[in-house]
Participant: 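Got a structure for you, written out below as C-alpha cells; questions coming shortly.
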2 protein chains.
Amino acid sequence: MARVQRDGGDDSAPTTELPAVRGQGPPAVNGRANGRGAPIPADKARVIPEAAVARLAVYLRVLSGMAEQGAVTVSSEELATAAGVNSAKLRKDISYIGTYGTRGVGYEVDVLTSEIERVLGLTRQQKVAVVGIGNLGHALANYGGFPGRGFPVEALFDVDPDLIGIPVGGLPVNHIDDIPDICATRAIAIGVIATPPTAAQAVCDRLVEGGVHCVLNFAPVVLGVPEHVEVRKVDLAIELQILSFHVARNAEQRASRRTAAARASSNGEVV
Amino acid sequence: MARVQRDGGDDSAPTTELPAVRGQGPPAVNGRANGRGAPIPADKARVIPEAAVARLAVYLRVLSGMAEQGAVTVSSEELATAAGVNSAKLRKDISYIGTYGTRGVGYEVDVLTSEIERVLGLTRQQKVAVVGIGNLGHALANYGGFPGRGFPVEALFDVDPDLIGIPVGGLPVNHIDDIPDICATRAIAIGVIATPPTAAQAVCDRLVEGGVHCVLNFAPVVLGVPEHVEVRKVDLAIELQILSFHVARNAEQRASRRTAAARASSNGEVV
DNA sequence: ATCTGTGAAATCCTTCACAGCG
DNA sequence: CGCTGTGAAGGATTTCACAGAT
C-alpha cells in the first residue's frame with residue numbers, strides 16, 4: 001500500500017494526507033467564521049468537490065466490473081461512458097486525487113481502483129449500526145456485510161420488545177436505549193436510521209451520544225445534528241416526487257408540442 | 001383547482017403551463033445536438049433548477065407537518081429552519097413557482113402546499129410498479145400506497161417461480177416477462193427496480209418497452225435508457241462510501257490538528 | 001497519433017442585500 | 001416595521017479546448 005511517491009510528483013506534501021472537501025463548513029451566519037484570525041491558510045489544492053466524491057464511488061464500481069472482465073487499462077472515454085458521465089468530467093474528477101494516468105494510453109485499472117479506495121477511506125473498515133428493524137431495516141441487515149465489503153453491520157436496534165434478542169442476519173437486536181453504550185464500545189462509525197419518522201430524531205441523538213459521526217437517514221424527516229456530524233438522506237417520497245415533476249413536465253411539453261405541430265400542419269412524424 | 005390567474009401576474013403565459021427544468025438534455029457528444037436547427041427558443045423564465053425541485057418536495061413535507069399542527073401562515077424563516085436550508089434560498093425556490101407570499105406576513109400554509117403539489121404533478125396519481133420482490137422489494141411493496149399517497153403501487157414483478165401469484169402487500173406478483181404488457185395496460189408511470197444488479201438493465205428495457213418514462217433504480221448499476229426516460233438512482237453503497245470519505249477526512253483533519261497543536265505547545269484547549 | 005491533465009470559459013447554484021408591498 | 005421577491009455578486013461545478021506526455 002503506502003505509496004512512496006506521487007507519479008508526476010509536481011508539488012509538495014510527500015505525506016499520505018487525505019484531501020478535504022470544499023464548501024463544507026456550515027453556512028457561517030455572517031462574515032468571517034473561522035476559528036483563528038488567519039485568512040484561511042488551506043493548502044489551496046487538495047480539496048475534492050463534494051460532487052466529485054459521489055462520482056468517484058461510481059467509477060470505483062465500474063472499475064471493479066472491468067477488473068472482473070480482465071481489463072488491465074482503461075481510457076477516460078471508456079470509463080466515462082460506462083459510468084454515464086462525459087470524459088472531461090471524469091478526467092477532472094480523477095485529477096483531484098492525483099495523476100495516475102498515462103498519456104496516450106489511459107489508466108491502469110488496479111492502480112486507479114486502489115487510489116480511489118484510499119481517498120474514500122475504504123482501506124479501513126467502517127462499522128455500521130442499523131436502527132429500526134422493520135421491513136427496510138430487515139432488508140439492510142440482511143445485506144450481511146454491507147455493499148461491497150468494507151461496511152460490516154455490527155449492531156441492530158429496535159424498540160419492539162418482541163424483536164429484542166432475536167437474531168436478524170446473524171446479529172441479535174438490541175433495545176434503542178442501549179444505542180449510546182453499544183455504539184461506543186463497538187466503535188460504530190456509521191449509523192443507519194430506518195425507523196418511523198417520529199423516532200428518528202431521538203435515535204439520531206443517541207447515535208451521536210454513542211460517538212457516531214456519520215448518519216445515513218432513511219426516515220422522512222430533517223435531522224438536527226451538531227456540526228461535526230455528517231448526515232446523508234435517502235428519501236423515497238422525495239425521489240418519487242422528483243420523478244413526478246418530470247412526468248408532469250414531459251406531459252406538458254408533449255402537449256404543447258402537439259399543439260404546435262397541429263397548428264403548423266398535420267405532419268406524421270414519429271419522434 | 002384550476003388556477004385562474006397568477007397573483008402578481010407580471011409576464012406572459014396566462015395558461016396553466018408547467019415549468020421545465022434547466023440543464024436537462026444529455027451531455028451532447030459534441031457540438032450542436034438539438035433536433036431542429038433553432039438556437040433554442042426556450043421561454044427564458046419558467047424553468048426550475050433541478051436542485052430546487054428536490055427542495056420543494058422537502059418544503060412540502062414540512063408544510064404538511066405544520067398544517068397538522070394547525071399553522072395557517074408561515075414565514076420564510078420558520079419554514080427554512082424546519083427544512084434545514086437558509087431563508088434566502090427558500091424564498092428563491094418558491095419564487096420559481098410563482099409569488100404566493102404576503103409581504104410582512106409570510107405564506108399561507110395551504111396555498112403554498114397546493115401550489116407545490118401542482119408544480120410537482122402530485123394532483124394526478126402516478127402509478128408505480130415494483131420489480132424484484134426480495135428484501136427491499138418487499139419493504140417497498142408493503143409501503144402500500146407509497147409515501148404520502150399519490151403513488152399507488154399497482155404491479156409487482158419477480159423472476160422467482162415460487163413468488164409468482166403470491167400476494168405481497170395485497171398485490172399478486174407477476175413474472176418479469178409480463179412487464180411490457182402489464183405496464184402498458186395499467187398505465188404505469190414509474191418503475192422501481194429493486195433487483196440484483198445483473199438483472200437491472202433487462203428489467204429496465206422491459207419497463208421502457210411498457211411505456212414507463214420514469215425509473216427509480218435501487219440496483220447498483222448505471223442504466224442505459226433512451227433519452228426521453230428519466231432515471232433516478234438510490235445507491236446504498238455509494239452513500240456509505242461518501243460517508244466513509246468524510247470519516248477519513250475528519251480523522252485526517254483531527255490528526256493533523258493534533259500534530260499542529262502538539263507542535264505549537266502543550267495547550268489544554270477543549271474544542 | 002493518441003489520450004491525459006488542466007487552465008480558462010461557461011454554466012449552474014447560492015447567498016447577499018435591499019427595494020418595495022402590506 | 002416586518003417580510004417577501006429578486007437583481008446582482010459570489011461560489012461551485014461543468015465543459016471546452018489544447019498543451020504536453022508517451
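Proteins come first, then strands; the chains are lettered A, B, ... in the order of their sequence lines, and each starts at number 1.
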Participant: Could you tell me whether a side-chain N or O of A/Ser76 sits under 3.5 Å from a main-chain N or O of A/Ser87, the two making a donor and an acceptor?
Facilitator: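 No: the side chain of A/Ser76 does not pair with the backbone of A/Ser87.
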Participant: Just verifying a value: how many Å separate A/Tyr107 OH and A/Met66 CE, rounded to the nearest 0.5 Å?
Facilitator: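 Separation between the atoms: 12.5 Å.
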Participant: Please find the pair of heavy atoms, one from B/Gln241 and one from A/Leu60, that lie closest to each other, and give the distance.
Facilitator: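 Closest approach of B/Gln241 to A/Leu60: OE1-CD2, 4.0 Å.
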Participant: Could you give the NZ-to-P distance, from A/Lys92 to D/dA17, as a whole number of Å?
Facilitator: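 Result: 14 Å.
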Participant: Without swapping roles, check the side chain of B/Ser75 against the backbone of B/Gly106 for a donor-acceptor pair under 3.5 Å.
Facilitator: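 Flag not set: sc B/Ser75 to bb B/Gly106 has no pair under 3.5 Å.
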Participant: Within this structure, what is the CD1-CD distance for the pair A/Ile190 and A/Glu230, rounded to the nearest 0.5 Å?
Facilitator: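 Answer rounded to 0.5 Å: 10.5 Å.
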Participant: Need to verify one output field. Residue with the more 5' nearest nucleotide on DNA chain D, A/Lys89 or B/Ser75?
Facilitator: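 Its nearest nucleotide lies further toward 5', so the answer is B/Ser75.
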Participant: So, B/Ser114 side chain and B/Asp110 main chain: donor-acceptor pair closer than 3.5 Å or not?
Facilitator: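 Yes; at least one donor-acceptor contact below 3.5 Å.
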Participant: Ignoring backbone atoms, test whether A/Tyr107 places a side-chain nitrogen or oxygen under 4.0 Å from the OP1 or OP2 oxygen of C/dG5.
Facilitator: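 For C/dG5, OP1/OP2 do have a side-chain N/O of A/Tyr107 under 4.0 Å.
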Participant: Using the test side chain to side chain donor-acceptor pair (under 3.5 Å), find all partners of A/Arg103 that sit at least two apart in sequence or belong to another chain.
Facilitator: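 Scan of A/Arg103 (side chain to side chain donor-acceptor pair (under 3.5 Å), adjacent residues dropped) gives none.
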Participant: Figure out the CD1/P separation between A/Ile94 and D/dT15, and round it to whole Å.
Facilitator: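 Atom CD1 in A/Ile94 sits about 15 Å away from atom P in D/dT15.
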Participant: When the distance from CG of A/Asp93 to C1' of C/dT4 is rounded to whole Å, what number comes out?
Facilitator: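 Whole-Å distance recorded here is 14 Å.
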Participant: May I have the distance from B/Glu78 (atom CD) to D/dT4 (atom P), rounded to whole angstrom?
Facilitator: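 Checked: the CD to P distance equals 9 Å.
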Participant: N/O contacts under 3.5 Å, protein versus nucleotides 18-22 of chain C?
Facilitator:
| from | atom 1 | to | atom 2 | distance (Å) |
| --- | --- | --- | --- | --- |
| C/dG20 | N3 | B/Arg103 | NH1 | 3.4 |

Participant: Using atom OH of A/Tyr100 as one end and atom P of C/dG5 as the other, report the distance to the nearest whole Å.
Facilitator: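 Rounding to the nearest Å, OH of A/Tyr100 and P of C/dG5 are 10 Å apart.
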Participant: Can you tell me how far P of C/dC3 sits from CG of A/Leu90, to the nearest Å?
Facilitator: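 After rounding, the gap between these two atoms is 14 Å.
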Participant: Starting at CD of B/Glu115 and ending at P of D/dG5, how long is that distance when rounded to a whole Å?
Facilitator: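 About 12 Å, once rounded to whole Å.
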Participant: Output the single nucleotide from D/dT14, C/dC16, C/dC13 whose closest atom is nearest the side chain of B/Asn86.
Facilitator: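 Nearest listed nucleotide: C/dC16.
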Participant: Round to a whole Å and report the spacing from CD of B/Glu77 to P of C/dT15.
Facilitator: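 Atom CD in B/Glu77 sits about 13 Å away from atom P in C/dT15.
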